[in-house]
Amino acid sequence: MAQQEDHFKKVISHAKEYGYIFGSSEIYDGLSAVYDYGQNGAELKKNIRDYWWKSMVQMHENIVGLDASIFMHPTTWKASGHVEAFNDPLIDNKDSKKRYRADVLIEDYAEKLNQKAAKEIAKAKKRFGEAFNEEEFVTTNPRVLRYREEQETVLKRMARSLEAEDLADVKALIEELGIADPDTGSKNWTDVRQFNLMFGTKLGASAETATDLYLRPETAQGIFVNFLNVQKTGRMKIPFGIAQTGKAFRNEIVARQFIFRMREFEQMEMQFFVRPGEELKWYEHWKETRLKWHLSLGLGEENYRFHDHEKLAHYANAAADIEFNFPFGFKELEGIHSRTDFDLKAHEEHSGKKLQFFDHELNESYVPYVVETSIGLDRMFLAVFSQSLEEEELENGSTRTVLKLPAILAPVKAAILPLIKKDGLPEVAHKIIDDLKWDFNVVYDEKDAVGRRYRRQDAAGTPFCITVDHDTLEDERVTIRDRDTMEQKRVKISELTTILHQKIDFKHWMN
Ligand code: ATP
């Protein structure tokens, strides 16, 4: 655990030191849970967004994009259920005056039980070595069974009470489990209350005539209200999808853990419209397709797992999260939800307009069912960044800090380094840049010894360094160094574009 915390601290300071993430308005001491992306962060974020967009929109004939506004007619949020039900259960500690999400306190308790079971399994694995049969062990070992059973009971009871809006029972559960304030250990809790997460604002010049608006808490509703516009003008046939990326805002009760939970964040969502009755088939399809997308980045299969929801949101008939092994444990990275016809029907009712599709094959009109994939861009950023940051022991006993970002996502693809600042080497390096910059984001670096420059680029996440030396003047070749293997190869300048394309090609990564 301490090791994880330590890694998380390194992630935060490294993100700042290398121009990835700064606290918002830092000169005024920052704003809680709001962050700015720096020169490298903006590139990495854009590359993740592009990777998502290409795989969802460009690679699917039946998925198109949309860019809806953040402001929407206020009735949208009545129809969607957000005014009524977009609440989190909050609880305050009377001694520390700290505020928590009651469900998160309980989930963290359950996760500890899970970790205890995992520890027992790891211990047994060590003890039995080759002969260890994990499946038999987890189904027979009394301790593992007890931990898992308790975990399930706790989560089920919480789901039941939240579903029934029985907040008194949520508090009772916290007390029965002896859950204490994680910061101070105090168990002196207030009652649990509901708290609406939408930010309100006003549109209009004078106070009397201004309309109350909300900043959108999800991008999905912009897609639903445009469903017919896109379907008609794009001549889309069911099944088809609409994808969108953009900012969303939630007044989170507890916004900690760096960019994992922010009050202003970006979502990448796709709503897939299907025939009623076919939604669960598509739900399975999208679960699998989205996991494949994650795995394509090579961050390690063991770092992902599905979590099927016990408590379904008011609009869903099936829901699962793809969880990622963040520096603070497995947490939700993406949600895949079968949203039924809830949203379109609700917008029909509130607007009085039909939102239906005429299916020529079935010769009937219906309100389509929807399967949604929804991922936080900032969370994806954190997943990629934290998993890529390594302190590596080298053969000579020294260590190097290396940010092994997937090359396709790296902000800068190559650094061009003249061995020394004279003898015409900088001029050749600049010529190479002039050639490569049409296709790739590349930088020039001539300061310090070349070894130090390599280390600097390793830490910044640049996958390739291209060094120009005196031989280059004779043979038109340069040294290309791979960030991860540190291997160096002599290649022709004229081949650089092809070589980089091979390493950074979308096709190569997605296939
Ligand atoms: P959580 O349970 O963590 O609050 P959620 O279930 O409310 O998340 P969804 O409403 O399903 O999240 O939103 C879809 C995705 O948007 C999430 O999987 C997550 O990646 C991202 N997301 C949601 N809230 C935030 C936030 N406050 N900061 C950053 N990303 C967020």
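For reference, positions follow the sequence shown, starting with 1. Just so it is clear, the structure is predicted and the values come from calculations on it, not from any experiment. Start at 1 and go down the list; that is how both ligands and their atoms are numbered. Because only heavy atoms are used, hydrogens play no part in the values below, and waters and symmetry mates are left out as well, while side chains stay in.
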Note every protein N or O atom lying under 3.5 Å from an N or O atom of ligand 1, pairing the names and giving the distance.
| from | atom 1 | to | atom 2 | distance (Å) |
| --- | --- | --- | --- | --- |
| ligand 1 | 3 (O) | Arg261 | NH1 | 3.4 |
| ligand 1 | 3 (O) | Arg261 | NH2 | 3.0 |
| ligand 1 | 3 (O) | Arg379 | NH1 | 3.2 |
| ligand 1 | 3 (O) | Arg379 | NH2 | 3.0 |
| ligand 1 | 4 (O) | Arg101 | NH1 | 3.4 |
| ligand 1 | 4 (O) | Arg261 | NH1 | 2.7 |
| ligand 1 | 6 (O) | Glu332 | OE1 | 3.2 |
| ligand 1 | 7 (O) | Arg250 | NH1 | 3.1 |
| ligand 1 | 10 (O) | Arg250 | NH1 | 3.1 |
| ligand 1 | 10 (O) | Arg250 | NH2 | 3.0 |
| ligand 1 | 13 (O) | Gln267 | NE2 | 3.4 |
| ligand 1 | 16 (O) | Gln267 | NE2 | 3.4 |
| ligand 1 | 18 (O) | Glu332 | OE2 | 2.6 |
| ligand 1 | 18 (O) | Leu333 | O | 3.4 |
| ligand 1 | 20 (O) | Leu333 | O | 2.8 |
| ligand 1 | 20 (O) | Gly376 | N | 2.9 |
| ligand 1 | 24 (N) | Arg250 | NH1 | 3.4 |
| ligand 1 | 27 (N) | Glu252 | OE2 | 2.8 |
| ligand 1 | 27 (N) | Met262 | N | 3.4 |
| ligand 1 | 27 (N) | Met262 | O | 2.8 |
| ligand 1 | 28 (N) | Phe260 | O | 3.4 |
| ligand 1 | 28 (N) | Met262 | N | 2.9 |

Q.
Can you confirm whether the side chains of Glu279 and Ser338 place a donor and an acceptor under 3.5 Å from each other?
A. no
Q | Qualifying residue for salt bridge (Lys or Arg N to Asp or Glu O under 4.0 Å) with Glu120, from Arg148, Arg146, Arg143 | A | Arg143
Q) With sequence neighbours left out, what residues match Lys503 under salt bridge (Lys or Arg N to Asp or Glu O under 4.0 Å)? A) none
Pairs of donor and acceptor atoms involving the side chains of residues 68-77, under 3.5 Å and at least two apart or interchain, shall be tabulated with distances.
| from | atom 1 | to | atom 2 | distance (Å) |
| --- | --- | --- | --- | --- |
| His73 | ND1 | Thr75 | N | 3.0 |
| His73 | ND1 | Thr75 | OG1 | 3.1 |
| Thr76 | OG1 | His73 | O | 2.6 |

**Q.** Within residues 78-90 or reaching into it, pairs that qualify as salt bridge (Lys or Arg N to Asp or Glu O under 4.0 Å) - sequence neighbours excluded
**A.** Asp88-Arg101
Q: Indicate whether any N or O donor in one side chain lies under 3.5 Å from an N or O acceptor in the other, for Tyr100 and Asn93.
A: no
